[in-house]
Q: 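Below you'll find the structure I mean.
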Amino acid sequence: MNIRERYQEIEKSFLHPKSCLSSQTKGRLKPEPEDDIRTPFQRDRDRIIHSKAFRRLKHKTQVFFSPQGDHYRTRLTHVFEVSQISRTIARALRLNEDLTEAIALGHDLGHTPFGHAGEAILRELHPGGFEHYEQSLRVVDILEKNGKGLNLTFEVRDGILKHSKGRGKILSDEPFTLEGQIVRVGDVIAYINHDIDDAIRAGIIKKNDIPQEFLKFFGDRHSKRIDKMVRDVIFTTIKEDYEKISMSPEMEQMVHSFRDFLFEKVYYNERIIEEFKKAKRMLESLYNYYLDNPHIIDAQELEEKELHRKICDFIAGMTDRYALYTFEKIFIPKSWAVP
Ligand code: MG
């Protein structure tokens with residue numbers, strides 16, 4: 001028995017019967033020989049961490065564009081917070097922590113520069129539409145490794161594709177595994193809390209703008225609020241016998257209201273919206289420029305549909321700062337140096 005097989009025996013004896021065992025994965029798009037040390041989900045996590053798209057997350061917006069302040073979240077730190085919260089839940093429930101971690105680290109790989117502003121403009125311009133969760137799957141299936149993709153397991157790909165909910169229902173039995181459902185909830189718990197924290201840091205809201213009912217219910221500190229939500233998910237899921245990842249009705253309703261508060265006061269805040277429009281205009285200019293000058297991205301031979309796809313993938317993959325740099329290079333005249 002090799003190391004991986006021994007570990008998979010431990011999974012079988014230790015994990016909850018409703019967990020997703022790595023020995024029972026539905027497999028990869030292209031079959032591959034097994035590793036003798038790591039399980040398929042551990043390999044997926046490692047492939048994600050070693051990908052280029054993962055490294056680019058450090059310069060992609062969470063809410064605040066290309067922030068100067070070092071304490072603002074970026075897409076990369078968001079993903080770590082989602083991973084930490086989700087792993088705590090998975091471990092407490094004796095579900096597969098490796099699978100949970102792989103989904104959490106991969107879930108936002110398809111995010112555009114400038115967050116949802118980028119997503120909104122690509123949705124408008126690309127004839128096939130655009131959703132960041134579909135793009136995340138595209139990154140791991142096709143775009144990484146120069147078109148070869150990472151060849152991840154079915155369970156990780158499923159969790160990545162179904163993590164997103166916009167303003168829709170937080171809980172869902174859509175992800176095929178309970179581990180995928182955890183990341184869907186962990187994503188919300190992470191962003192609600194860190195976006196409030198960053199909004200206070202940015203002066204968009206003040207600490208005492210948070211309504212009393214939320215402070216009373218969730219707690220008056222960032223860490224208390226996360227703790228309260230995480231505990232509720234763990235104990236409600238146990239109480240409901242792992243039917244799906246759950247929250248108590250009261251918690252679910254309060255989290256929805258808290259998210260609404262965030263949308264109204266932060267995401268739709270005038271100062272944020274102003275920047276949102278600028279980011280959209282900038283990416284739109286880039287998109288149209290590449291459409292008129294396909295040779296710049298080596299796409300002069302492509303049919304119209306493929307050209308759009310290539311431009312969309314290229315822009316979606318940009319970091320905030322690369323988009324700014326490219327825009328400046330193309331559209332801003334250089335000041336002539338004094339000889
Ligand atoms: Mg996310």
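Quick caveat, the model's predicted, so the values are computed rather than measured. Indexing begins at 1, ligand by ligand and atom by atom, following the structure's order. Hydrogens, waters and symmetry mates are skipped; everything else that's a heavy atom, side chains included, is used.
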Q: Only to 10 degrees, please: what angle do the NE2 atom of His78 and the NE2 atom of His107 make about the Mg ion (ligand 1)?
A: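 That angle works out to 100° after rounding to 10°.
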Q: Please check if the number of heavy atoms outside Lys239 that lie under 6.0 Å from its NZ is greater than 12.
A: no
Q: Please confirm whether the ring centroid of His222 lies under 6.0 Å from the ring centroid of His194.
A: no
Q: Any chance the rings of Tyr133 and His107 have centres within less than 6.0 Å?
A: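 So the answer is no for these two rings.
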Q: Would one find an N, O or S atom of His163, in either backbone or side chain, under 2.8 Å from the Mg ion (ligand 1)?
A: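 False for His163.
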Q: Looking only at N, O or S atoms, which one in Asp108 sits nearest to the Mg ion (ligand 1)?
A: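 Nearest N/O/S atom of Asp108: OD2.
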Q: Tell me which N, O or S atom of Asp187 sits nearest to the Mg ion (ligand 1).
A: OD1
Q: Using 30° and 60° as the class limits, which term best fits the ring planes of Tyr191 and Tyr267: parallel, tilted or perpendicular?
A: tilted
